[in-house]
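The structure appears right after this line, and notes come after that.
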Amino acid sequence: MAKNRNLIKNSNQNFKLFGRPSIFIGIYILIGAFLIQETISGFTTDGSPFGFLTVNFLEGFIFIITLLVFLFSLLALFFGNRKHQRKIGNKIWNRNSKKSMWLFIFLIALFYFVLFYLLRMGEEQLLIPAFLIGYGFFLMALNFSKSKSLYYLSMFSVLAGIISLYTNGINFYLLISLGVAHVIFGFFNKKSVTN
């Protein structure tokens, strides 16, 4: 810990998606997708405890799952980048990092607003396609390092969202494929984090 007292305040963008944080985010997306799928299938089954929920409680439960996935993903991104920045001797918070964090929070709030609006309008079938497409644009907007592999991940997410718009019954599989793509992205981008 003594070596961390003399950290340098750099001007780089210190929040990057790479290696271990991406693997954790992929795992959280997979767990969230499985929990949501089990909740919805349990809601339509009489023998399940979720079958006794009202629609409002079901929506609230799914909202809590997505919020937990978001919070755990944010923590994985923060702690993974903090560890990396400290290892190379940089402070994590600088002007560019704070700007990107505010942009990140704004985009997440906008993202939740759009998804909540679709839910209130009764367009439940558009939630997963909107999430996948929005998440792809979200990754593109936050790709400050201009990483080609991150552009590929974002294009995969947009393409999965477009496919889910025009096909029925595979939405959760495409959501699961996004989690798997995150894990694969993390494995192939472990050593590519340099400033």
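- Residue Ser154 comes nearest to Met140 through the heavy atom pair OG-CG, 3.2 Å, listed as atom of the first residue, atom of the second, then distance.
- Taking each heavy atom of Leu115 and Ala130 in turn, the nearest pair found is CD2-CB, 3.8 Å.
- Residues Pro129 and Gly161 approach most closely at CB-O, 3.6 Å, considering heavy atoms.
- Under the ring-ring contact (aromatic ring centres under 6.0 Å, His included) criterion, Tyr173 pairs with no residue, sequence neighbours left out.
- Within the model, atoms CG of Leu132 and CZ of Phe137 stand 12.0 Å from one another, a figure rounded to the nearest 0.5 Å.
- Residues that satisfy the side chain to side chain contact (heavy atoms under 4.5 Å, CB included) test with Tyr28, not counting sequence neighbours, are Phe24, Val69, Phe72, Ser73, Ala76.
- Taking CD1 from Ile65 and CZ from Phe61, the interatomic distance works out to 4.5 Å, rounded to the nearest 0.5 Å.
- Looking only at side-chain heavy atoms (C-beta outward), Ile170 and Ile163 come within less than 4.5 Å of each other.
- Distance CG/Leu67 to CD1/Ile64: 8.0 Å, rounded to 0.5 Å.
- Between Leu153 and Leu150, the closest side-chain pair of non-hydrogen atoms falls below 4.5 Å.
- Summarising the geometry, atom CG belonging to Leu74 is positioned 7.5 Å from atom CD1 belonging to Ile105; distances are rounded to the nearest 0.5 Å.
- The side-chain hydrogen bond (donor to acceptor under 3.5 Å, both in side chains) test applied to Tyr112 returns Thr66, not counting sequence neighbours.
- Not a single ring-ring contact (aromatic ring centres under 6.0 Å, His included) links Phe156 to another residue, sequence neighbours left out.
- Atom CG of Leu126 sits about 11.0 Å away from atom CE of Met121, to the nearest 0.5 Å.
- When the side chains of ILVMFWY residues are joined at heavy-atom separations under 4.5 Å, either directly or via intervening members, Phe116 and Leu68 end up in two distinct hydrophobic clusters.
- The two residues Ile23 and Gly186 have their closest heavy-atom pair at CG1-CA, 3.8 Å.
- Note: the hydrophobic cluster containing Leu159 also contains Ile133 (ILVMFWY, side chain heavy atoms under 4.5 Å, direct or indirect links).
- Phe138 has its ring centre less than 6.0 Å from the ring centre of Phe104.
- Residues Leu103 and Ile108 fall within the same hydrophobic cluster, defined by Ile, Leu, Val, Met, Phe, Trp and Tyr side chains chained together at heavy-atom separations under 4.5 Å.
- Partners of Tyr151 according to the ring-ring contact (aromatic ring centres under 6.0 Å, His included) rule, which considers only residues two or more places apart in sequence or in another chain, do not exist here.
- Rounded to the nearest 0.5 Å, atoms CD1 (Ile36) and CD1 (Ile128) are 7.5 Å apart.
- Side chains of Tyr117 and Val114 form no contact here, defined as non-hydrogen atoms less than 4.5 Å apart.
- Remark: Phe185 pairs with no residue by the ring-ring contact (aromatic ring centres under 6.0 Å, His included) rule, at least two apart or across chains.
- Residues Val158 and Ile162 form a side-chain contact, since some pair of their non-hydrogen atoms from C-beta on lies under 4.5 Å apart.
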